[in-house]
Every structure is written in structure tokens, then in C-alpha cells.
Engineer: 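Got a structure for you, questions after.
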Amino acid sequence: MDFTGKDIISIKDFSKTEIDHILKCAEKMIPFAKGEKTLTLLEGKILSSLFFEPSTRTRLSFESAMNRLSGRVIGFADPTATSQKKGETLADTIRMADAYSDIIVMRHPSEGAARLAADFADSPILNAGDGAGHHPTQCLLDLFTIFHEKKHIGKQNVVLLGDLKYGRTVHSLAYALSLYGSDLTFVSPKSLKMPREVINECKNLGATPTSTTKIEKALKNADVLYVTRIQKERFPDLEEYNRVVGTYQITMDLLKAVKKDLIIMHPLPRVTEIDPAVDQTNHAVYFKQAFNGVPIRMALLSLVSGVKL
Amino acid sequence: MKPMKIPRIKNGTVIDHITAGNAVKVLRILDIPQKQSFTVSVAINVKSKLGKKDIVKVENREIAHTEVDKIALIAPKATINIIRDYKVAEKHKVELPDTLVGIAKCSNPTCISNGGEPVESRFIVLDKEKPRIQCYYCDREPDDIASRII
Ligand SMILES: [Zn+2]
């Protein structure tokens, strides 16, 4: 499988076999991502890290990944520092970065920005989020977390919880897990239900997801629980928000009746969705999940550079 | 068949069976007559067996069907007739191409194609029969295609 020069724009650009390959490569990267061993795979290569919108977690894990591979990073973390403020087009900024580096990672507030950048650059573009559009490396690190913790991805019971309407990570994840034949349960308040288009996409891939507002029953047989944040802004009044947030909070009490090996994931940052007491349990993998951003991005940076892993 | 209300043409192209009321939009999509100096006649709300329709006639110019196919977005039943010496020399139905460039504007205000970049709008055609298009950049499908035509 050859990923040399490939742009990473959307998870939908990948087949299941391709995703499997990326996950296996990421697994090999773990000791290097932890700094236990060193690698010089991308020595002499330069990554442009262009963040037209701040996202500290994603940016740092990309930059850490490039550094762990002995590559170098140039770029900006803050749009106020860029020539975009002076009215330069994205196309021109990309042409410049393309001339200065070998790979470009980009986050941008407009949907489709990564697709456009890919058309203007010879170097591979890694989309680190384009507005409400795609964020494929987040999806891949989520998949990698399940793969790493469960040793495979397949017919597991996966519960996606929280704001399923606006959360793009859960849309991509639902799509990708449908490729793997997972049994999906969508738990959300009525007003934040999984959009019909996403459900139809899952069905087109052969999945039969169920939607519910009740967390307890869904959790009973769950192997994976993916929690997302419910934002205050989505509710007309504070009272309704407080009621909903309370209903879906993951507490020790709620975990009494779950499978022993249930894993709980969260893209972070977390606010009140998960009681901090849960952090100490074996269920909590959200901090490992955050770390997994590094090996998955190391794998991607190496693969698009044409390195054999 | 009733006689045409506009004169027959000797040589050129007749676009027939345009959805009634859409002739002007068809001209706009084809960039007629801005770019050409050919005589163009338009008939709107012509009665026919299948109800009302619009007709466009362009004299002394044979419009390539690849050029005309994009009008299938708003006139999916239109036919293209190439006229030579008053006779229909070629006839075919319009068919949407696989991609449409610079024809419609994306309905997503935060789409990068609406952001002042040096690119034309671009849509992937999902359904050619009942026109459905999707933005190449942001994946958005406009609900009302006709209102998005530039
Ligand atoms: Zn768009």
C-alpha cells in the first residue's frame, strides 16, 4: 500500500484496508512516540504547520510527531500573525508553504479549505480540521484507541453519547465504525440527535444504528463509550441545559452495571460530562486517547513521505 | 403540431423543451448573448402536447452539446437540435456532466469557495436524472439549485 504524496482530507477518502494499514503503522510508532526509542525517518524534512484557527492539542501533537521523527517544523499557531490578515488568499499562502516545506498540516475555519489547499500544493496536505467539515486525524486517533485497547475493531457495541447533532467527530466516527461492522447506539437529548444524513450513510454501509435518549440501557452491553461535550450555546435556556447535562453525566454510580472491560473515550477538553472520579478506573482511556494523537500522526507523516514502515 | 410562433432558422441550434419560465436562466448559463453576436430568439410559455415550455434559437451557431449539457440542471428535459439548411441534422437530450465548474454558487456561506479564493465554484453531480449536486469543497448539497445559479 503506497501513501506517498497522498493528501489526508477526509476519512471518507480511505478504504477499510487502508485504515487498517495506518492503524498497524501507528501501533509500531508507540515506543518512539513515548520517546523510549528514537527515529530518524524524516530527518531533513520540513513540516509546515499552518493554524489559521487555534487548536493547541492538535497542533502540539502534530509538532511532537514530526519532532519524534527527527523532522523540523515551521509555521504559525495564531492567525493574527499571518499575511491572511493582510488579505492574502489561502491559495497564495499554500503556494508559499509548498515551496518552503515537504508536508503541510493545516487547520482552517472554512469548510473545504483543505480540499482547496490540496489543489494548490504539490506537497501532501494533512487536514487538521476545516470548519465544521472534516478532521480525519481525530477520527483515525479515535479508531486507533479502540484498536489499541481492544486489539481489533469489529462487531463491538459502541455507544456515542452527547451532542451528536453538531459534533463532527462523532459523525466521522459513526461512518468509520460502520465500515467495520460495529453495533452503534446513539444516545443524545432529543434536540441533539444524530442527523438523518449520517444515519443513512451508516445504513448504506450495512450498519443498523439505534438512537435513544436513555443512557443506562445503552451502557449495559457496551464495549466502547464515546462521550462528547454538550455545549451551553445549543440550548435556549440554562435550566434545560443543566437538566440535560445532569442526565448524561458519566458517574461512578452509572458504571456499576457496565462490562468490566468497557472503555470510555472523550476527544477532550472535558468539562462536566465525566466525573473526575472516573479517571481512576480502568474504563477511562481518554488521556491515552490524547496521547494516541502522536503515534497516529507519526504514522501519517511517515506514510505520506513515502517511508516504508 | 401547431406552427412555431418564432421563425424557423436556416442554420444554428434550437434548444427545445426547456422547463417553462427557465429560458432566461438557460441563456445566462450559456453566456448568450454576451459572448456572441449571433441572432437569438426566445419563446416563453409555448403551448405543447406536454404543457408549457420555453424554446431558444441561436442562429448560425452550432452549440456543442458538452457546452449545453449543464443546462440540464434547470431544464432536465431540454433537447438540442442542430439545424442545417432548415432541417434537423442532429438531435439529442441534454445530460448533466460529472462535474460543474463556475455554474452555481455554494449555499454554505463559510465554504472556502465563497471566501474570495482564486477558484471557481465546483460541484460533483450526484444524480443526473433528478439533478442533485454536491460542493466539491465542502460537500454541501444545495436544496434549491436554480436559485444558486450564478
Ligand atoms: Zn461548498
Side-chain angles (χ1 to χ4, degrees), chain A residues 7 9-14 50 52-53 79 82-98 104 106-121 125 127-136 139 166 168 171-172 174-175 195-198 200-201 204, chain B residues 25 28-29 31 64 66-67 69-74 76 95-150:
Chain A
D7 301 305
I9 308 291
S10 158
I11 194 70
K12 291 177 192 169
D13 298 339
F14 294 90
L50 314 181
F52 297 94
E53 163 182 277
T82 73
S83 47
Q84 287 248 308
K85 281 275 163 200
K86 297 177 199 144
E88 188 179 50
T89 62
L90 172 62
D92 281 0
T93 308
I94 291 297
R95 283 179 174 126
M96 173 199 67
D98 194 32
I104 298 168
M106 184 182 101
R107 188 184 187 96
H108 196 281
S110 298
E111 292 83 38
R115 198 72 77 196
L116 180 136
D119 289 344
F120 282 90
I125 299 284
N127 183 9
D130 57 340
H134 305 287
H135 191 5
C139 185
Y166 299 99
R168 71 175 161 194
H171 299 168
S172 310
Y175 171 90
R196 195 166 343 124
E197 310 89 77
V198 179
N200 286 341
E201 262 179 352
N204 288 340
Chain B
K25 273 186 192 146
R28 190 144 40 98
I29 292 182
D31 227 354
T66 48
E67 197 183 336
D69 275 350
K70 51 197 177 192
I71 68 167
L73 263 189
I74 52 158
E95 198 203 338
L96 274 177
D98 295 332
T99 53
L100 293 166
V101 177
I103 303 302
K105 192 168 148 38
C106 181
S107 57
N108 173 7
T110 57
C111 174
I112 195 72
S113 69
N114 291 326
E117 294 295 326
V119 291
E120 289 193 274
S121 74
R122 193 158 153 193
F123 288 88
I124 314 291
V125 177
L126 300 176
D127 190 336
K128 296 187 180 187
E129 305 299 315
K130 286 183 218 143
R132 268 181 63 212
I133 59 175
Q134 181 180 41
C135 177
Y136 162 79
Y137 293 101
C138 75
D139 301 344
R140 175 86 65 98
E141 269 189 55
D143 294 330
D144 178 13
I145 298 176
S147 72
R148 297 291 161 193
I149 287 168
I150 298 167

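Worth saying up front: this structure is predicted, and the values here are computed from it rather than measured. The sequence lines fix the lettering, A, B, ..., with proteins before strands; numbering per chain opens at 1.
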Engineer: Rounded to the nearest 0.5 Å, what's the gap from OG1 on B:Thr110 to NE2 on A:His108? Could you check?
Structural biologist: 11.0 Å

Engineer: Is B:Arg140 close to chain A through its backbone or its side chain, or both, or neither, when contacts mean heavy atoms under 4.5 Å?
Structural biologist: neither

Engineer: For B:Asp127, does the CG atom sit with more than 12 other heavy atoms under 6.0 Å from it, leaving out its own atoms?
Structural biologist: yes

Engineer: Top residue by heavy-atom pair count (under 4.5 Å) with chain B, among A:Gly133, A:Ala113, A:Gly131, A:Ala114?
Structural biologist: A:Ala113

Engineer: Could you report the tightest heavy-atom contact between A:Ala91 and B:Glu117, atom names first, then the distance?
Structural biologist: N-OE1, 2.9 Å

Engineer: Could you state the interatomic distance from CG (A:Leu116) to SG (B:Cys138), rounded to the nearest 0.5 Å?
Structural biologist: 12.0 Å

Engineer: Could you tell me the separation between the CZ atom of A:Arg115 and the OH atom of B:Tyr136, rounded to the nearest 0.5 Å?
Structural biologist: 6.5 Å

Engineer: Out of curiosity, B:Asn114 CG to A:Ser110 OG, how far, rounded to the nearest 0.5 Å?
Structural biologist: 9.0 Å

Engineer: Any heavy-atom pair between the side chains of A:Phe120 and B:Val119 that's under 4.5 Å?
Structural biologist: yes

Engineer: Minimum heavy-atom separation for A:Thr89 and B:Gly116, please, with both atom names.
Structural biologist: CG2-O, 3.7 Å

Engineer: Could you tell me whether the side chain of A:Glu111 reaches within less than 4.5 Å of the side chain of B:Ile112, counting heavy atoms only?
Structural biologist: no

